[in-house]
There are 2 protein chains.
Amino acid sequence: MISGKFAITLHILTLLSKFPDEYLSSEFLAGSMNINPVLVRKEIANLKKHNMVESREGKNGGTRLAKSVKNITLDDIFKMTFQKVSLGYAKNDPNPACPVGKKINQNLDALYDDINNKISAQLKDISLMEFTDKF
Amino acid sequence: MISGKFAITLHILTLLSKFPDEYLSSEFLAGSMNINPVLVRKEIANLKKHNMVESREGKNGGTRLAKSVKNITLDDIFKMTFQKVSLGYAKNDPNPACPVGKKINQNLDALYDDINNKISAQLKDISLMEFTDKF
DNA sequence: AAAACTGTAACAATTTTAATTACATATAAA
DNA sequence: TTTATATGTAATTAAAATTGTTACAGTTTT
């Protein structure tokens, strides 16, 4: 099961960018995704750690963007929320007595690193503004 | 948890390419990965469906390559074993009453399609021979 | 003081993947 | 022709990862 962190975070940022002057509550944000508000707050915690948003506690509290949508790229979001794209591994430790088993994971890792570099380059060219303009 | 199909299939093909004249058993192949032989046989069934390997049942049976390692690319394996690379979705159906919720999945899909096209182009340039030469 | 939020932790439920078991069928070789 | 050793596949169980839920402390506005 692939985690929804990237999608949730991008969804949050898209909503925040549509209402740049308001503090939006986690319940409102969660309502747009139809998920639990706690999940939203977890991703907001991550966004705050990276200084992308700022929150206000208490009544009428919520979250808003802390920087311009022009200065956020999808690669920033990717790096904040996604470990690494992978095409998977055979789950157990491969047999070190086998020449292939011994080196398979390092060769897969090298391949996956190449893939991730390409994806990053691709996402770096897409600003959050460009993405949110599609809505 | 990301499935190991791609990695298992690539591992199988790497081993088969190292012993191109022998029929290798699922138990031998599984031993190199330290996984259950049934998982190997499932991936072999998929490889057979795509005419990449041929098997022999019964005593001294096993599997061997059905085509040259030069004519197999990592993209072939990717397409055979991996639905699609994705950065995930917010799991539930987003709110269709929200302008962002209504269109988020189609915009994510478009983004992920672009990513997959880039990955395919990248993998198309790597032959199985090039990969197996690393061992 | 009350109401409405955020911030977290702990735990339960769900979903996906892998392992295991079982057995029918096929083939080589003794 | 019998035995041993494979494949092929279905069904079930186990394990791992993600998501949902509950609970509650802390904060801020009214």
Side-chain angles (χ1 to χ4, degrees), chain A residues 1-9 11-12 16 19 22-31 33-50 52-64 66 81-94, chain B residues 1-9 11-12 15-16 19 22-50 52-64 66 81-94:
Chain A
M1 212 191 322
I2 200 163
S3 154
K5 283 176 191 295
F6 174 84
I8 292 170
T9 299
H11 197 138
I12 291 169
L16 295 184
F19 304 93
E22 297 177 44
Y23 285 86
L24 302 180
S25 75
S26 62
E27 190 159 344
F28 174 81
L29 296 168
M33 295 176 245
N34 193 25
I35 63 172
N36 196 289
V38 174
L39 282 181
V40 172
R41 298 208 282 269
K42 279 178 184 167
E43 296 318 312
I44 284 172
N46 188 36
L47 282 164
K48 286 175 68 175
K49 203 170 69 187
H50 290 85
M52 306 287 265
V53 302
E54 54 197 18
S55 296
R56 219 167 45 178
E57 296 187 9
K59 189 167 180 180
N60 296 342
T63 302
R64 69 173 185 186
T81 58
F82 216 92
Q83 300 279 350
K84 216 172 118 177
V85 165
S86 154
L87 305 183
Y89 300 86
K91 188 187 167 195
N92 287 326
D93 296 327
Chain B
M1 211 192 322
I2 198 162
S3 154
K5 282 176 191 295
F6 174 84
I8 292 170
T9 299
H11 197 137
I12 291 169
L15 285 166
L16 296 184
F19 304 93
E22 296 177 44
Y23 285 86
L24 302 182
S25 74
S26 63
E27 188 159 344
F28 173 81
L29 296 167
S32 172
M33 296 175 245
N34 193 25
I35 63 172
N36 196 289
V38 174
L39 281 181
V40 172
R41 298 208 282 269
K42 279 179 184 164
E43 297 318 312
I44 284 173
N46 188 37
L47 283 163
K48 286 175 69 175
K49 203 169 71 188
H50 290 85
M52 306 286 264
V53 303
E54 54 197 18
S55 296
R56 219 167 46 178
E57 296 188 8
K59 187 166 181 180
N60 295 343
T63 302
R64 69 174 184 184
T81 58
F82 215 92
Q83 299 280 351
K84 215 174 120 179
V85 165
S86 154
L87 305 183
Y89 300 86
K91 189 187 166 193
N92 287 326
D93 295 328

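Because only heavy atoms are used, hydrogens play no part in the values below, and waters and symmetry mates are left out as well, while side chains stay in. Proteins get letters first, then strands, A, B, ... in listed order; numbering begins at 1 in each.
Take the nearest nucleotide of DNA chain C for A:Arg41 and for A:Tyr89: the residue whose nucleotide is more 5' is A:Arg41. Annotation: of the two residues near DNA chain C, B:Val38 and A:Ile44, the 5′-most nearest-nucleotide partner is A:Ile44. Remark on DNA chain D: of its neighbouring residues A:Pro37 and A:Arg56, the 5'-side contact belongs to A:Pro37, judged by nearest-heavy-atom nucleotide.
Considering only heavy atoms from C-beta on, B:Ile12 comes within 4.5 Å of B:Met33 through its side chain. You'll find the side chain of A:Leu47 stays beyond 4.5 Å of the side chain of A:Thr63, heavy atoms only. Residues B:Val85 and A:Leu87 are in side-chain contact: their nearest non-hydrogen atoms beyond the backbone lie under 4.5 Å apart. In this structure, the side chains of B:His11 and B:Leu15 come closer than 4.5 Å at one or more pairs of heavy atoms.
The interatomic distance linking A:Phe6 (CZ) with D:dT18 (P) rounds to 16 Å, in whole Å. Summarising the geometry, the separation between NZ on A:Lys5 and P on D:dT18 is reported as 8 Å, rounded to the nearest angstrom. Taking atom CG on B:Leu39 and atom P on D:dA16, their separation rounds to 14 Å, with Å as the unit. The nearest whole Å value for the distance from the CG atom in A:Asn46 to the C1' atom in C:dT8 is 15 Å. If you measure from atom CD of B:Glu54 to atom P of C:dT27, you get 14 Å, rounded to the nearest angstrom. Straight-line distance from the NZ atom of A:Lys42 to the P atom of D:dT18: 12 Å, rounded to whole Å. B:Leu16 has its CG atom 11 Å from the P atom of D:dT7, to the nearest Å. Protein atom CD of B:Glu57 is 19 Å distant from nucleotide atom P of C:dC23, rounded to whole Å.
Salt-bridge annotation for A:Glu22 and A:Arg64: absent, with no side-chain N of the basic residue lying under 4.0 Å from a carboxylate O of the acidic one.
Proximity note for B:Ser25 (side chain, C-beta onward) versus C:dA10, D:dA6, D:dT30: the nearest is D:dA6. The side chain of B:Lys59 sits closest to C:dA28 out of C:dA28, D:dT29, C:dA18.
Over its full length, the helix from C:dA1-D:dT30 to C:dA30-D:dT1 turns its helical axis through 0°, comparing axes from the five pairs at each end and rounding to 10°.
Residues B:Ala7 and A:Ala90 come closest through the heavy atom pair CB-N, 3.6 Å. Heavy-atom minimum distance, B:Tyr23 versus B:Asn60: CB-O, 4.5 Å.
A sub-4.0 Å separation between OP1 or OP2 of C:dT20 and a side-chain N or O of B:Asn36 is present. Phosphate proximity of D:dT28 to A:Asn60: absent, as no side-chain N or O sits under 4.0 Å from OP1 or OP2.
Counting any heavy atom pair closer than 4.0 Å across all strands shown, B:Ser26 reaches sugar-phosphate atoms only and no base atom.
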